[in-house]
Novice: 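Pasting a structure below so you can have a look.
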Protein chains: 4
Amino acid sequence: MNLERLSVARPKSEERRQAIIDSAIRLIAREGLGAATAAIAKEAGVPNGSLFTYFPTKIDLFNALYMEIKEELISTVDDGLSDAGDEREQLLHIWASWTRWGAANSEKRRVLAQLSVSDDVTEATKEAGFTAAYRSVSLIRQVARHGALRDQDPAFVGAVVESLASTTMDCMSRDPKHAEQVCTATFEFLWKALR
Amino acid sequence: MNLERLSVARPKSEERRQAIIDSAIRLIAREGLGAATAAIAKEAGVPNGSLFTYFPTKIDLFNALYMEIKEELISTVDDGLSDAGDEREQLLHIWASWTRWGAANSEKRRVLAQLSVSDDVTEATKEAGFTAAYRSVSLIRQVARHGALRDQDPAFVGAVVESLASTTMDCMSRDPKHAEQVCTATFEFLWKALR
Amino acid sequence: MNLERLSVARPKSEERRQAIIDSAIRLIAREGLGAATAAIAKEAGVPNGSLFTYFPTKIDLFNALYMEIKEELISTVDDGLSDAGDEREQLLHIWASWTRWGAANSEKRRVLAQLSVSDDVTEATKEAGFTAAYRSVSLIRQVARHGALRDQDPAFVGAVVESLASTTMDCMSRDPKHAEQVCTATFEFLWKALR
Amino acid sequence: MNLERLSVARPKSEERRQAIIDSAIRLIAREGLGAATAAIAKEAGVPNGSLFTYFPTKIDLFNALYMEIKEELISTVDDGLSDAGDEREQLLHIWASWTRWGAANSEKRRVLAQLSVSDDVTEATKEAGFTAAYRSVSLIRQVARHGALRDQDPAFVGAVVESLASTTMDCMSRDPKHAEQVCTATFEFLWKALR
DNA sequence: CATGAATGAGCGTTCATTCAT
DNA sequence: GATGAATGAACGCTCATTCAT
């Protein structure tokens, strides 16, 4: 599989694409989704018109951004998940890597939050992000199989966990000194509530 | 009565103010915070310049909107709270009136959600909204005093409950047929988790 | 002559009219002719609509302002002029009282300068202001009758003197310590040049 | 040649820039500094948004306009100055070319007058204009070294000459038939007064 | 008559996208 | 293909003046 070679076809391009993504994260975190494409391009060091060779519209950029960040998060969470022991250990692994990532990448998290509620990110994109996270999603559903939410829509369970995670990350970012303690305590809460 | 008004040439019309607020809710729910002030005015049936007689800037409109909706929610939740029995009954009252209001007023809820994450709504306004909700807030904190989150920042506990409510309301809106069941089940989850 | 009584007919009005004029001087000096009528009214402590009972349009206010300031200046200059001795003494009297007034009333002077070049002040108004200054104007022309400008349009001579005065007042305002010296020296210059 | 331009997609058009400047001169002469940017663009034959490609703000346009006109005037005055003979000849050269330019370019002169008293033209810009005029300025100061104004601030001397020039140009514009005579007579006045 | 809310054309400026070079 | 100038509709907001009260 010459995956590498495929991207070699436009080596400079890939760098530029990433520069635009990174710049967009910085600017959108700072100024919201209203950040001007020209400003994003400028901060990325590319000409404003060139942004549109990589992302035909601003909406395409938003969707790409969403997937990019979501994939980074998922790969962070999935990494090492197989090595975790029982259900509890696995959930803890997910929880800890998720919230630590969020606490350490507050710009990305804020951008993700904005994109998640924007109509400009299509349902298809959100669906794709959701699908990519199937390992964690499955585990969470499995854990919740017997608890208080056992009869709820699995999507609802996921949303509950997600919003709990989001709140936890906010708290960890705001008070880094107690971040680990918050992470652990909320995990216990989650475990108790889901089971 | 109305002595104060006797000397006013043409008092600002409460009706018009409300028409603008209502129009803003409709448009912002549909188009986001980017909804044009001129469009809001038009939908409210007032000339564009008149919007600024009632709200000097768009940001002032946002802040007023936030308080307006928050107060409606709070008064809905507080109504009848004193008549509820023990702690569990009281929490149930809060939970049920909150989520039912949200399910029945999805536009207002979406607008509130957008405003809550917007930098245009000042900290002072958010603080004021928070303060107005002290009855519910106190009860929730009291309930959580002994549970898994007992050592967490009270603000964190509040945020967790809020995000759970938000997710619940989304679910209730999406599937009105099972709304009551979702409401009850999530309450049980909440009760179990907090205590 | 019951001049006093004439104005007694609207005693409160006269105060308000003056308050508007004074406020306009302050605001226009600060912000230029673009100063909003509502701001002028507010600073004067009168309702914005009432400004238009005194001055039907902003342009009328400008014209009134022009005359008001010009008349104050003229009466300052004319005061004591009859008591001055010969031609030289009289010109000195005019020059000194004029430039001292300007140095001490820089706001009024700046407003007058702005109004003088504005198309909103009508030729008729400017003409009236000019006519009211006939005592000084005549003297200046008389002095210049034999000098280097003897064959020029009298209006030109007046303009030259006026612009010299304006520059002198600027200089006196900027450096109050040497104001008197500047006043005297420029008078000598004027005298030498005109004669 | 033009190596620098080879890599530019579409260089800013000097023609368009000049069309905007020219249009601004016409409109500002007619309507004052309040002339609308959209009207200026329209009269220049460019879309309203394009004006801001060349001048980021209206204030930038004002500053560019000031320098543009000032430079034209200075270059007109400086042209041939070296060929003039003694001090008197040189001052005459300055005076004649200055006032003739003003009489022939009354729109530009009026615009320059408006810009000169506007707070929107920065001190830095005015300073730059002043610096560019050093040849004439030096000569005028040199001539005045021994006359009635010898002890005054050189800036004051300059202002006096400038205001005399301005008045002269007004007069020449108004009565073109006697323009030359006015020009000559005022020069004699200036020479007599400064020396 | 006095008041201040009402009005709506007009303002300077922005920006996603296009397209000439 | 890469570039950045070009575009023009849209935006939030202002303000002289009117007029209902």
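Numbered from 1 within each chain, the chains take letters A, B, ... in sequence-line order.
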Novice: Between B/I28 (CD1) and F/dC11 (P), how many Å, whole number?
Specialist: 13 Å
Novice: If we check side-chain contact (heavy atoms from CB on, under 4.5 Å) with B/I20, which of these qualifies: B/L61, B/I25, B/L65?
Specialist: B/L61
Novice: Could you tell me how far apart C/E31 (CD) and F/dA16 (P) are, to the nearest whole angstrom?
Specialist: 11 Å
Novice: Strictly by Watson-Crick or wobble contacts shorter than 3.5 Å, is anything paired with F/dT21, and which nucleotide is it?
Specialist: E/dA2
Novice: May I have the distance from B/L27 (atom CG) to F/dG12 (atom C1'), rounded to whole angstrom?
Specialist: 15 Å
Novice: Nearest heavy atom decides the nucleotide; on that basis, is C/K58 or D/R16 closer to the 5' end of DNA chain F?
Specialist: D/R16
Novice: How many whole angstroms separate atom CZ of C/F62 from atom C1' of F/dA16?
Specialist: 11 Å
Novice: Nearest-Å distance, CD1 (B/I20) to P (F/dC13)?
Specialist: 14 Å
Novice: How many whole angstroms separate atom CG of C/L61 from atom C1' of F/dT17?
Specialist: 14 Å
Novice: Of all the nucleotides listed (E/dG4, E/dT21, E/dT13), which has the minimum atom distance to the side chain of B/R10?
Specialist: E/dG4
Novice: Is there a donor-acceptor contact under 3.5 Å linking the side chains of B/T125 and B/T122?
Specialist: yes
Novice: Quick one: side-chain hydrogen bond (donor to acceptor under 3.5 Å, both in side chains) partners of D/E107, sequence neighbours excluded?
Specialist: none
Novice: Is the shortest heavy-atom distance from the side chain of B/F62 to the side chain of B/I28 under 4.5 Å?
Specialist: yes
Novice: So do B/L33 and B/L115 actually touch side chain to side chain, heavy atoms under 4.5 Å?
Specialist: yes
Novice: So, D/E68 and D/R17, do they make that salt bridge, N to O below 4.0 Å?
Specialist: yes
Novice: Rounded to the nearest angstrom, tell me the gap between atom CG in B/D120 and atom C1' in F/dC11.
Specialist: 14 Å
Novice: B/A39 near the nucleic acid: base, sugar-phosphate alone, or nothing, with a heavy-atom cut-off under 4.0 Å?
Specialist: nothing
Novice: Determine which nucleotide pairs with E/dC15, using a 3.5 Å limit on both distances of a Watson-Crick or G-U wobble pair.
Specialist: F/dG8
Novice: Is the distance from OP1 or OP2 of F/dC15 to the nearest side-chain N or O of C/T37 less than 4.0 Å?
Specialist: no
Novice: Between F/dT3 atom C1' and D/K12 atom NZ, what is the distance in whole Å?
Specialist: 14 Å
Novice: Which is true for B/A41 with a 4.0 Å heavy-atom rule: it touches a base, it touches only sugar-phosphate, or it touches nothing?
Specialist: nothing
Novice: Hey, can you pull the residues of residues 46-56 of chain D with a non-hydrogen atom under 4.0 angstrom from DNA chain F?
Specialist: D/P47, D/N48, D/G49, D/S50, D/T53, D/Y54
Novice: Scan every strand shown for a Watson-Crick or G-U wobble partner of F/dC13, both distances under 3.5 Å, and answer none if you come up empty.
Specialist: E/dG10
Novice: When the nearest nucleotide of DNA chain E is assigned to B/S13 and to A/A36 on a heavy-atom basis, which residue is associated with the more 5' position?
Specialist: B/S13
Novice: Whether C/E43 and C/R30 form a salt bridge (side-chain N of Lys/Arg under 4.0 Å from carboxylate O of Asp/Glu) is what I want to check.
Specialist: yes
